[in-house]
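Structure record follows, encoded as structure tokens.
Letters A, B, ... are given to chains in the order of the sequence lines, protein chains preceding strands, and every chain is numbered from 1.
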There are 2 protein chains.
Amino acid sequence: MLSKTKEHPSAEEIYLSVHKVYPAIGLTTVYRTLELLVQNGLVFKFDFGDGRARFELSENPQSIGHHHHLVCTGCGRIIDYTDFIDEEIELLKRTEKGLSKKHHFTIMNHLIQFYGLCDRCQKSR
Amino acid sequence: MLSKTKEHPSAEEIYLSVHKVYPAIGLTTVYRTLELLVQNGLVFKFDFGDGRARFELSENPQSIGHHHHLVCTGCGRIIDYTDFIDEEIELLKRTEKGLSKKHHFTIMNHLIQFYGLCDRCQKSR
DNA sequence: CTGGTTGCAAACGGTTTGCATTTTT
DNA sequence: AAAAATGCAAACCGTTTGCAACCAG
């Protein structure tokens with residue numbers, strides 16, 4: 001029913017792609033369905049601060065599901081990085097385990113973002 | 001000019017508190033000023049996915065400026081945690097250094113969020 | 001006089017909601 | 001027939017923008 005068309009599709013992008021297959025479906029239904037899926041942990045909802053929510057299926061193999069970004073606070077550019085992931089994952093696993101136990105949370109995903117200024121924005125000041 | 005009234009105040013909360021001191025100021029000016037400050041790296045802008053942006057001064061001593069949260073995807077509850085921070089900081093410092101060099105980013109802050117279901121939301125399903 | 005800052009009100013854009021209709025059981 | 005799901009249009013709400021008034025140099 002939900003095809004994975006993009007890395008982090010927005011609700012509207014999901015609507016458009018689903019609409020191709022089921023032209024009868026409306027944007028409202030997409031929103032309502034997404035809300036359900038998110039509440040049941042089947043889909044994750046992220047917010048990169050660009051005004052629209054992003055969604056992603058959580059059925060991925062473990063190796064995926066890491067959301068590590070560099071966000072430029074000057075121009076809003078977002079860079080996905082994959083460096084140092086191994087070390088990070090190792091620590092994150094431990095941290096998740098500890099946090100789950102202590103706060104009685106079932107952790108299903110995580111988001112790591114570094115904020116700063118990209119090369120372009122550093123020069124332009 | 002900007003008083004630090006809360007951990008992560010929204011634009012409107014900032015407006016209200018500034019407005020008490022300078023009743024002449026308008027919400028628009030707050031937004032415009034915040035945008036400037038964010039672009040110059042003096043203030044950080046976060047998004048917890050609740051529809052409004054959150055801001056925080058970046059003039060803090062280094063030990064602060066860590067934004068580590070547990071976010072419940074069921075009910076939206078946000079828990080600030082401080083466990084495992086030391087280990088994380090150690091890794092983050094290394095990661096930041098590497099990323100800065102490789103992507104020519106000046107990293108000034110970071111955000112770590114774990115998504116999952118809190119104890120309440122696990123039961124209610 | 002010129003350029004920048006401000007507040008107000010209107011516009012904007014993604015998301016949510018009310019409600020009548022359709023579908024499902 | 002009752003309950004659930006759907007689409008449409010309107011409402012919502014945080015944020016942005018156009019514009020005229022105001023202020024600074």
Nearest-Å distance, CG (L27(B)) to C1' (dC8(C))? 11 Å

Between dT5(C) atom P and L37(B) atom CG, what is the distance in whole Å? 13 Å

Between P on dC8(C) and CD1 on I25(B), what's the gap in Å once rounded to a whole number? 11 Å

Taking only N and O in the side chain of Y31(A), is any of them less than 4.0 Å away from OP1 or OP2 of dT15(C)? yes

For L36(A), the side-chain contact (heavy atoms from CB on, under 4.5 Å) test, sequence neighbours excluded, returns none

Rounded to whole Å, how long is the line connecting atom CG of L36(A) with atom P of dA4(D)? 13 Å

I need the CG-C1' distance between L34(B) and dT6(C), as an integer number of Å. 15 Å

Just to verify, what does Y31(B) make a ring-ring contact (aromatic ring centres under 6.0 Å, His included) with, not counting sequence neighbours? none

Protein proximity profile, nucleotides 19-25 of chain D - base contact B, sugar-phosphate-only contact S, no contact -, cut-off 4.0 Å on heavy atoms: -------

Between NZ of K45(A) and C1' of dG14(C) the distance, given in whole Å, is 10 Å

Sorted by chain and residue number, the ring-ring contact (aromatic ring centres under 6.0 Å, His included) partners of H104(B) (sequence neighbours excluded) come out as none

Among dG14(D), dT17(D), dA9(D), the one nearest any side-chain atom of T28(B) is dT17(D)

Give the rounded distance in Å between these two atoms: OH of Y15(A) and P of dG13(C). 17 Å

Non-neighbouring partners of Y81(B) that pass ring-ring contact (aromatic ring centres under 6.0 Å, His included), sequence neighbours left out: H68(B)

Expressed as a whole number of angstroms, how long is the span from L16(A):CG to dG14(C):P? 11 Å

Student check: side-chain heavy atoms of I79(A) and L99(B) closer than 4.5 Å: no

For Y115(B), the ring-ring contact (aromatic ring centres under 6.0 Å, His included) test, sequence neighbours excluded, returns F46(A)

